[in-house]
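Hydrogens, waters and symmetry mates play no part in the numbers below; they use all other heavy atoms, side chains included. First listed ligand is number 1; within each ligand, the first listed atom is number 1.
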Amino acid sequence: MAKFCVFCGKRPENKNKEHVLPQWLLKETGDPTRVVKMGINYKNQKPIEFSWNSLTMPSCTTCNDEFSDLEGRIKPIIRALLNREGVSVKNYILLMDWMDKVRVGLWLNYHVLQGNPMGINPNFHIKDRVGRKDRYLAVHAIETDEPGLNAFGVESFVFHNAPVCFGLKINSIFLVNISADFVFSERAGFPFPTRREYVSEGEFAGTHRLADFEMKKNVEHPVLHPKMHKASIELVQPILQVDARIGASMGTQETMKNFLGVDSDVDSYLAPRTYPPHFQPQGVLLRQFQNQTVSLPDLEQVIEFDAVTGDESQPIGELVAQVYEYQNMIFESIAPEGVSVNDEPWKGVLNFNSAVAEEYRKRAGK
Ligand SMILES: [Zn+2]
């Protein structure tokens, strides 16, 4: 595999090394010279381990610098969550950006670490995904005195094919991140494609063509459907895809235009549902509670950290099992027409995840 920059995908300029899991996070979670555990090899039931230094990817110096600012802003946010403190809407959006960065960074890193077992040619990189696609973040408080850092779901075959969902344990919090094309748009009231087709030929071969957009103009609860286990925080952000490059590659530019200036009726719905200046791609955050979903249009508003207690509190193994199950669900929901998850190779790919989920659940004593 030719060397590429983890951020922009081009040949790295003034080559630098990017630690996909940053040094500050490693220091925050234990001895920085230790090995990092990443998921489980479910055949021998042992954690997959890497030395931290192997978790690096080439990057351009400029790309690296561009993102080092984000790292600096995430540390106090993680600390606040470890202390069960409130965090502003604005900072949760930054945290979601960071989770996009880590998710895509680990996906690219695993191509290298595992020798690209699915034979995929990565067609996007960190810069193409930070804040560009519908996304979800859950923060679970876990009862533990043991520090530690562990990523879950990043070694699965579903994730290799589509890095749509992963879990990240940082000391006493467990973060779940989901992101994919228009995965929440329908239930969030945003424009969504009613057709997903696989493009097998031509310039955009291997991509999905999304077509026949519709819009329901109301938020359906729960936006993440079905619901995950109750978390202290659950946030969904629908994102309009108006980027010309993404639009062109997926055939959405024409259809999306109708929602951005041509149809004034639709405009009046979307305008107050994006952050100022309106018509930015990023939709207003939706906070999902167990019985309702509320929108958070004020970027300065503080989102309080809810306690989850008693029967509603889950062991970490159960939360991890969910990550593998949601990978399957999201994968199925975005599968293009003609792709049957009951046929190989997809059947085997999904069964692998079901087996991993079952293993974690067994270990969690459920
Ligand atoms: Zn670069």
Query - Path from Val341 to Phe352 over hydrophobic side-chain contacts below 4.5 Å - result: yes
Requested in this report: Indicate yes or no: at least one non-hydrogen side-chain atom of Cys63 is less than 4.5 angstrom from one of Lys127.
Outcome: yes
**Report entry** Side chains of Asp181 and Ile334 in contact at under 4.5 Å (non-hydrogen atoms)
**Finding:** no
Query raised in the report: Sub-3.5 Å donor-acceptor pair from the side chain of Asp134 to the main-chain atoms of Ser185, do we have one?
Result: yes
Report task. Take the Zn ion (ligand 1) as the centre and count protein N, O or S atoms at distances under 2.8 Å. Result -> 4
Requested in this report: List the steps and the verdict of salt bridge (Lys or Arg N to Asp or Glu O under 4.0 Å) for Glu337 and Arg195.
Outcome: CA-CA 8 Å; Glu337 288 165 33; Arg195 300 190 62 186; 3.2 Å; yes
Query - Minimum heavy-atom distance between Ile330 and Ala180, given as atom pair plus value - result: CG2-CB, 4.2 Å
